Amino acid sequence: MTVDYYYKVGGFIFSVSLPQGVDAGSLLPSFKSFCCEAVQPEQCLFRITAQEHPQVPSVLDGDLLDESVNDLGYTSLFAVSDGYRVEIRHTSRAAIHHLRADSRFTSAVAAVFWEDCHAGSVLCSMIRIVYSQAVLLHGAISIHASVVSHSGYAYLFMGKSGTGKSTHAALWMKYIPGTELLNDDNPVVRIQDGTAWVYGTPWSGKTPCYKNQGFPVGGMVRLRQAAATAFLPRQDIEAFVLLLPGCSAVRQDKILYGALCSTLVQLAEKVPVALLYCRPDQEAATLCFTMLANKKIDD
């Protein structure tokens, strides 16, 4: 027996089916503010079912496409005949959890070992993986960034791990009155009626910031550490190149990757994009805010 739970993230509704007796609130605490009423199956972006008695696939098939290590653990992605297979383990010696999804990530089955103390984190990661691919065909992108809101707009800070995205967001909150954190790791950006919006999600890295809110995008900035501060606006292909790293998509899938690129082209046309060389200080935050606010006024 399973119980269905419904969530709405970035305007997209999806369902998670859990074994009866599994407490969704305790298992997925970051999802609480995203709960919504049940809808018809055709209204869901995707459905993910967690098996009550997970069985390791008898044949671990597929071609390895990608391997990564992050705060959520060790993740491997495989292409299989009917879609994709994912293996996740929280540590190098932990039990392996399995996920199998169709080619467009509209349906997925998760084999989660509930005895694992990290089962909730693993399932959370699995949902993020499915969500990040499913939204691509609907004009949306899951992106690695820290986001703040100010005066009705939101600003995204992107960069390699360790670049200082969270630090820069904190500097805005410290030195620019009225600034609030929207998400610190994995927001979703979506084109709606010709306007780019960014939404908070249940995935915010090490910072517990799970706000079910959305704002028009006021600017997207890639950070690079430097001794001197410089704000360099970018347009067209240069803007596209700045936005592409950190966006989640199966690069080997022509349809999903093509959808990602199409949305990025629109973003590069619709929102201010810039490269910010900076130190982690007040000058960098103030300059970035001033340039983006002026750009918004000019538009």
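Treat the numbers as computed from the prediction; the structure is a model and nothing was measured.
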Ring pair (Phe, Tyr, Trp, His ring centres under 6.0 Å) partners of F31, counting only residues at least two apart: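 If we apply the ring pair (Phe, Tyr, Trp, His ring centres under 6.0 Å) test to F31, skipping adjacent residues, the hits are Y7, W203.
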Test side-chain contact (heavy atoms from CB on, under 4.5 Å) on V198 and L156 and set out the steps. CA-CA 9 Å; V198 60; L156 291 85; 4.1 Å; yes
Would you name the heavy atoms of T229 and A284 that are closest together and state the gap between them?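 The pair with the smallest heavy-atom distance is CG2-CA, 4.0 Å.
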Is the backbone of [Y] close enough, under 3.5 Å, to the side chain of [X] for a donor and an acceptor to pair up by distance?
X    : Y    : value
Y131 : V9   : yes
S26  : D23  : no
Q225 : G162 : yes

Would a line drawn from the ring center of Y153 to the ring center of F215 be shorter than 6.0 Å?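 So the answer is no for these two rings.
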Between the side chains of Y84 and D253, does any donor sit under 3.5 Å from an acceptor?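 There is such a pair between these side chains.
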Sequence neighbours left out, what passes side-chain contact (heavy atoms from CB on, under 4.5 Å) with D82? Give chain and number order.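 D82 satisfies side-chain contact (heavy atoms from CB on, under 4.5 Å) with V80, R100 only.
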Using residues 138-148 as the side-chain source, report each donor-acceptor pair under 3.5 Å to any protein atom, sequence neighbours left out, with the distance given to one decimal.
residue : atom : partner : partner atom : Å
S142    : OG   : N186    : ND2          : 2.8
H144    : ND1  : D185    : O            : 3.2
H144    : ND1  : D185    : OD1          : 3.3
S146    : OG   : D184    : OD1          : 2.7

Scan the side chains in residues 238-252 for donor-acceptor partners under 3.5 Å anywhere in the protein, sequence neighbours excluded, and list what turns up.
residue : atom : partner : partner atom : Å
S248    : OG   : S132    : OG           : 3.1
S248    : OG   : Q133    : NE2          : 3.1
R251    : NH1  : C247    : O            : 3.1
R251    : NH1  : A249    : O            : 3.4
Q252    : NE2  : L65     : O            : 3.3

Within residues 263-293 or reaching into it, pairs that qualify as ring-ring contact (aromatic ring centres under 6.0 Å, His included) - sequence neighbours excluded: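 Output for this query lists H150-F289, W172-F289.
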With sequence neighbours excluded, residues passing salt bridge (Lys or Arg N to Asp or Glu O under 4.0 Å) with R47: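 R47: salt bridge (Lys or Arg N to Asp or Glu O under 4.0 Å) contacts with D4.
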Cation over ring, R222 on F157, under 6.0 Å and within 45°?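 Not flagged: R222 not positioned over aromatic ring of F157.
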